[in-house]
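Beneath this line is the structure, given in structure tokens, with notes to follow.
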Amino acid sequence: MILTRRTLLLGASAALAGCDRLGRSDTVREALFSADNFHKWAQRSLMTRDALAQEFRPDQVSPLFRANGTANPNTPAYKALWRGNFADWRLSVTGLVERPLSLSLAQLRALPHREQITRHDCVEGWSAIGKWRGVPLKTLLDGAQLSDRAHYIVFRCADDMGGGRPYYESIDLIDAFHPQTILAFALNDQPLSVANGAPLRLRVERQLGYKQAKYLMGIEAVATLAPIGGGKGGFWEDYAGYDWYAGI
Ligand SMILES: Nc1nc2c(c(=O)[nH]1)N[C@H]1C(S)=C(S)[C@@H](COP(=O)(O)O)O[C@H]1N2
Ligand SMILES: [Mo]
């Protein structure tokens with residue numbers, strides 16, 4: 001199914017039960033969908049955040065999962081990791097955790113996996129169905145012993161979006177512990193390609209494409225998003241005013 005930017009944006013608001021009419025005003029959108037206010041509002045609404053995103057059959061997988069945004073980080077540091085087949089790459093788990101972790105790809109691959117065939121919807125007007133395999137984020141957060149003071153998980157990426165600003169994203173703990181939220185190292189039974197985010201990317205299946213951070217280097221548990229980047233919780237949220245909560 002091809003989704004236009006308009007149907008997606010309307011769909012994103014409509015999915016949040018009953019807020020479509022409110023969502024039409026930019027000021028109200030900003031108020032509702034920013035990281036600061038989303039919680040207060042969502043808690044009072046009837047929204048169910050623990051529902052599963054639709055999963056598809058193997059024969060529904062798209063022949064090509066196109067790449068969008070950065071298709072190769074191309075920095076000296078990333079190129080060195082790529083040349084070494086990511087043997088020297090580590091995922092750091094830091095911030096408000098009792099036990100910070102530093103995990104190799106081999107260690108991540110050895111953890112229990114989840115596989116899911118889901119549809120990725122980009123605001124630019126395209127969708128693709130892919131089969132992802134990865135480690136539930138919950139497994140890592142439990143392993144690192146997340147502190148009670150943590151409210152958000154921030155994802156740090158290897159690509160520079162210009163002027164030394166790296167791509168980054170963030171989600172709250174409801175999405176972080178959602179069973180379909182995984183750190184994926186394989187797409188369609190192949191190791192993740194550079195174009196699709198090698199060696200590891202986030203899949204947070206109830207949200208739009210720009211939340212699916214590629215080229216992960218670190219995840220950090222924080223109490224507030226204010227001191228990170230421009231303070232809005234993600235590169236496109238800071239730079240282009242995209243909603244922090246991009247529910248579908
Ligand atoms: N690090 C990083 N993650 C990113 C992006 C990016 O440019 N850099 N683009 C986002 C956008 S807008 C989309 S639609 C998806 C695209 O994922 P794909 O390249 O696997 O299709 O990645 C998201 N995650
Ligand atoms: Mo996107």
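Start at 1 and go down the list; that is how both ligands and their atoms are numbered.
- For Trp126, the closest heavy-atom approach to ligand 1 falls below 4.0 Å.
- The closest approach between a heavy atom of Arg201 and any atom of ligand 1 is below 4.0 Å.
- Residue Phe235 does not touch ligand 1, judged by heavy-atom distances below 4.0 Å.
- Below 30°, between 30° and 60°, or above 60°: for Trp132 and Phe65 the angle between ring planes is above 60°, a perpendicular geometry.
- The Cys157 neighbourhood of ligand 1 comprises atoms 1 (N), with distances under 4.0 Å to a heavy atom of that residue.
- For atom 1 (N) of ligand 1, the closest heavy atom belonging to the protein is Asp159 OD1, 2.8 Å.
- Checked against the 6.0 Å centroid criterion, the rings of Phe86 and Tyr78 qualify as a close aromatic pair.
- Checked against a 6.0 Å centroid threshold, the rings of Phe33 and Tyr245 do not count as neighbours.
- No more than 12 heavy atoms of other residues, nucleotides or ligands lie within 6.0 Å of CZ in Arg149, so this atom counts as exposed by the packing criterion.
- Contact check for Arg203 versus Thr118: side-chain heavy atoms found under the 4.5 Å cut-off.
- Between atom 12 (S) of ligand 1 and the options Tyr242, Tyr210, Phe155, the minimum heavy-atom separation is to Tyr210.
- Within ligand 1, the atoms closer than 4.0 Å to a non-hydrogen atom of Tyr215 are 1 (N), numbered from 1 in the order shown.
- Of all atoms in ligand 1, listed by their number and element, those nearer than 4.0 Å to a heavy atom of Cys122 are 14 (S).
- The nearest heavy-atom contact from the protein to atom 10 (C) of ligand 1 is Tyr167 OH, 3.4 Å.
- Atoms of ligand 1 lying under 4.0 Å from any heavy atom of Ala195, numbered from 1 in the order shown and given with element: 19 (O).
- Of all atoms in ligand 1, numbered sequentially from 1 with element shown, those under 4.0 Å from a heavy atom of Thr70 are 6 (C), 7 (O), 8 (N).
- For Tyr210 and Tyr242, the distance between ring centers is under 6.0 angstrom.
- Formation of a donor-acceptor pair under 3.5 Å by the Asp160 side chain with backbone atoms of Pro166 is not found in this model.
- The protein atom (non-hydrogen) at minimum distance from atom 3 (N) of ligand 1 is Lys214 N, 3.0 Å.
- Within the 4.5 Å cutoff, side-chain heavy atoms of Asp172 are placed close to those of Arg49.
- Annotation: Trp236 places no N or O atom under 3.5 Å from an N or O atom of ligand 1; distance criterion only.
- Between Ile228 and Tyr152 there is no side-chain heavy-atom pair separated by less than 4.5 Å.
- Residue contacts with ligand 1: Ala158 is excluded, as none of its non-hydrogen atoms falls under 4.0 Å.
- Side-chain contact of Trp89 with Ser104: a donor-acceptor pair under 3.5 Å is absent, judged by distance alone.
- Against a heavy-atom cut-off of under 4.0 Å, Gln212 is close to the following atoms of ligand 1: 22 (O), 23 (C), 24 (N).
- Between Lys211 and ligand 1 there is no heavy-atom distance shorter than 4.0 Å.
- If you look at Trp236 and Tyr168, their ring centroids are not closer than 6.0 Å.
- Close contacts of ligand 1 with Arg66, meaning ligand atoms under 4.0 Å from a residue heavy atom, involve 18 (P), 19 (O), 21 (O).
- Set against the non-hydrogen atoms of His120, the atoms of ligand 1 under 4.0 Å away are 13 (C), 14 (S), 15 (C), 16 (C), 17 (O).
- Looking only at heavy atoms of the protein, atom 23 (C) of ligand 1 is closest to Gly209 O, 3.3 Å.
- At a cut-off of 3.5 Å, with distance as the only test, no side-chain donor of Gln212 or Glu169 sits close to an acceptor on the other residue.
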